[in-house]
Trainee: 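This is the structure I have questions about; it appears just below.
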Amino acid sequence: MESRHDISNGSIEFTPATFTLAGIPGLKTKYIWISIPFCLIYIIIFIGNGTILHIIRIESALHQPMYFFLAMLAFVELGVSASTMPTVLGIFIFGIYNISFGGCLFQMFSMHSFTLMESGVLLAMSIDRFVAIYSPLRYTTILTIPRITGMGTTIALRSMILMFPLLFLLKDLPFCGHNTLTHSYCLHSDLIKLPCADTRLNSILGLFVITSTFGMDSLLIMISYMLILHTVLGIASGAGRWRAFNTCVSHICAVLVYYVPMISLSLLHRFGRHLPPLLQTVMANAYLFFPPLVNPIVYSMKTKEIRNSILRTLSRKKGEI
């Protein structure tokens, strides 16, 4: 049922019972084939990030600040993927395009909250790398488990507290029959285009959320790496400088993998409205799928301790068989 508000200018204002999601423009007849790579992507994401979490949990040698932050990153990336999976696979496998109003708001809240958490975790990881390089002897005494837990809790609370007002503002807006979205999941930027009321407050608050999270986090990450570079250049030996900088390579890749698709998508929305809808859809999917798909592979390849732990675990499993 649709919740009616009032009648204004001859049009009925109501909250829609469902929203209609979109797949990939122009390829509807090929959705069953498109579902195969999407299923593979989700399988790789869940296996890759799940493996990272499992290895860090069972290997006592990995119970160090760097790996606790990596576990946080893997967890939030699983959260982002779990938020989008029901509607994405629902469209491409089962042809289910509708999502309830409440379900759409919940997906938006969940997906954006985990995305904001990911930005915060990347900032925490840059601080971790700075402390490890600047003061290696005090590394574990500065980044204690209670402090790491506090950082993780703060990141999670910040994300959810910032998203709650957006959720409630959308909930009370009239939609006047407009309920068709342009993606296969519910984005805030997509939802605020539909109401037939003034959404300036939503846009201003959305801009504040972006600035206070992605904007501030990216600035602080840059400052952290300027300090890291200054510290590394102060190391006497070339081998020592390379060894110190090499510990940051995986994190630098994670930052690029996260921010480059985001910036590209923002520029596309801002300046590329004349471009084909297919390109916009591909970029939106790259923004959500690329980081959780690539990061476990990068950390497994570039971090010797993670790679060796995975190999040891596989050897033990093989020995048990």
Side-chain angles (χ1 to χ4, degrees), residues 37-38 40-53 55-56 66-85 88 110-130 132 152 155 159 183 185 187 189 210 213-226 228-229 245-269 279-307 310:
F38 273 103
L40 289 174
I41 287 170
Y42 276 116
I43 289 169
I44 294 170
I45 287 172
F46 281 95
I47 290 177
N49 288 287
T51 299
I52 295 286
L53 284 171
I55 291 296
I56 292 172
M66 173 184 175
Y67 302 109
F68 290 139
F69 288 120
L70 178 56
M72 289 184 198
L73 183 65
F75 176 78
V76 297
E77 289 183 336
L78 285 174
V80 172
S81 299
S83 299
T84 61
M85 184 174 66
V88 171
S110 174
M111 181 174 59
H112 285 307
S113 293
F114 279 116
T115 304
L116 296 179
M117 288 180 208
E118 189 171 358
S119 177
V121 171
L122 288 172
L123 171 59
M125 293 174 82
S126 71
I127 296 171
D128 166 77
R129 289 300 81 211
F130 170 68
I155 289 167
S159 303
H183 295 288
Y185 35 77
L187 290 172
S189 58
I210 291 171
T213 53
F214 302 132
M216 186 63 68
D217 291 349
S218 59
L219 177 62
L220 292 174
I221 289 171
M222 288 174 60
I223 292 172
S224 296
Y225 270 98
M226 289 171 63
I228 288 171
L229 184 61
F245 188 74
N246 196 44
T247 63
C248 301
V249 172
S250 296
H251 179 255
I252 292 172
C253 291
V255 170
L256 292 175
V257 160
Y258 180 76
Y259 280 104
V260 169
M262 178 194 297
I263 294 169
S264 301
L265 183 62
S266 299
L267 292 173
L268 194 67
H269 281 162
L279 180 60
Q280 297 183 36
T281 302
V282 169
M283 287 302 301
N285 286 329
Y287 161 60
L288 285 176
F289 291 115
F290 199 54
L293 178 68
V294 172
N295 281 335
I297 298 171
V298 170
Y299 274 95
S300 298
M301 291 176 61
K302 295 297 296 180
T303 309
K304 183 175 66 175
E305 291 81 4
I306 293 287
R307 185 172 64 250
I310 291 173

Trainee: Any idea which heavy atoms bring L122 and A254 closest together, and the distance?
Mentor: CD2-CB, 3.9 Å
Trainee: Output yes when a side-chain donor or acceptor of H183 lies under 3.5 Å from a complementary backbone atom of T281, and no otherwise.
Mentor: no
Trainee: Taking all non-hydrogen atoms of both residues, which atom of I47 and which atom of T51 are closest, and how far apart?
Mentor: O-OG1, 2.6 Å
Trainee: What closest approach, in Å, do P296 and E77 show between heavy atoms, and which atom pair accounts for it?
Mentor: CD-OE1, 4.4 Å
Trainee: Report the C-alpha separation of Y259 and I221 in whole Å, then their side-chain angles, then the decisive distance to 0.1 Å, and conclude whether the side chain to side chain contact (heavy atoms under 4.5 Å, CB included) test is met.
Mentor: CA-CA 11 Å; Y259 280 104; I221 289 171; 4.1 Å; yes
Trainee: Tell me, with the steps shown, if M283 and S264 meet side chain to side chain contact (heavy atoms under 4.5 Å, CB included).
Mentor: CA-CA 8 Å; M283 287 302 301; S264 301; 3.3 Å; yes
Trainee: Please step through side chain to side chain contact (heavy atoms under 4.5 Å, CB included) for the pair V298 and V257, ending with a clear verdict.
Mentor: CA-CA 10 Å; V298 170; V257 160; 5.5 Å; no
Trainee: Quick test of your reading: applying salt bridge (Lys or Arg N to Asp or Glu O under 4.0 Å), list the pairs with at least one residue in residues 213-223, sequence neighbours left out, ordered by first then second residue.
Mentor: R158-D217
Trainee: What are the two closest non-hydrogen atoms of F114 and V80, and how far apart are they?
Mentor: CB-CG2, 3.4 Å
Trainee: Would you compute the distance between atom NE2 of H112 and atom CD1 of I210 and round it to the nearest 0.5 angstrom?
Mentor: 8.5 Å
Trainee: Under 4.5 Å between any side-chain heavy atoms of H251 and I228, yes or no?
Mentor: no
Trainee: Within the 4.5 Å heavy-atom criterion, are V249 and C253 side-chain neighbours or not?
Mentor: yes
Trainee: Answer yes or no: are there more than 12 heavy-atom neighbours, outside F46 itself, under 6.0 Å from its atom CZ?
Mentor: yes
Trainee: Give, for atom CG of L220 and atom OG of S119, the distance between the pair rounded to the nearest 0.5 Å.
Mentor: 9.5 Å
Trainee: To the nearest 0.5 Å, how far apart are CD in E305 and CD1 in I310?
Mentor: 12.0 Å
Trainee: List the steps, then state whether side chain to side chain contact (heavy atoms under 4.5 Å, CB included) holds for F69 with I127.
Mentor: CA-CA 10 Å; F69 288 120; I127 296 171; over 6 Å; no
Trainee: Could you state the interatomic distance from SG (C248) to CG (L229), rounded to the nearest 0.5 Å?
Mentor: 10.0 Å
Trainee: Can you name the nearest heavy-atom pair linking A71 to L53, along with the distance?
Mentor: O-CD2, 3.3 Å
Trainee: Can you check whether M66 reaches M125 side chain to side chain, under 4.5 Å on heavy atoms?
Mentor: no
Trainee: Is the backbone N or O of S110 less than 3.5 Å from a side-chain atom of S113, with the two atoms forming a donor-acceptor pair by type?
Mentor: no
Trainee: So do I52 and S300 actually touch side chain to side chain, heavy atoms under 4.5 Å?
Mentor: yes
Trainee: Any side-chain heavy atom of F38 sitting closer than 4.5 Å to one from N285?
Mentor: yes
Trainee: Quick one: are F75 and V121 in side-chain contact, heavy atoms under 4.5 Å?
Mentor: no
Trainee: Given the rule in the side-chain hydrogen bond (donor to acceptor under 3.5 Å, both in side chains) test, do T84 and Y42 qualify, once you have shown the distances and angles that lead to the verdict?
Mentor: CA-CA 10 Å; T84 61; Y42 276 116; 2.8 Å; yes
Trainee: Working to the nearest 0.5 angstrom, can you tell me the gap between M262 CE and T115 OG1?
Mentor: 7.5 Å
Trainee: Does a side-chain heavy-atom distance below 4.5 Å link F130 with I223?
Mentor: no
Trainee: Quick one: sort the F214 and Y258 rings into parallel, tilted or perpendicular, breaks at 30° and 60°.
Mentor: tilted
Trainee: So do the side chains of D128 and F68 get within less than 4.5 Å of each other, counting heavy atoms only?
Mentor: no
Trainee: If you round to the nearest 0.5 Å, how far is CG of N49 from CD1 of I44?
Mentor: 11.5 Å
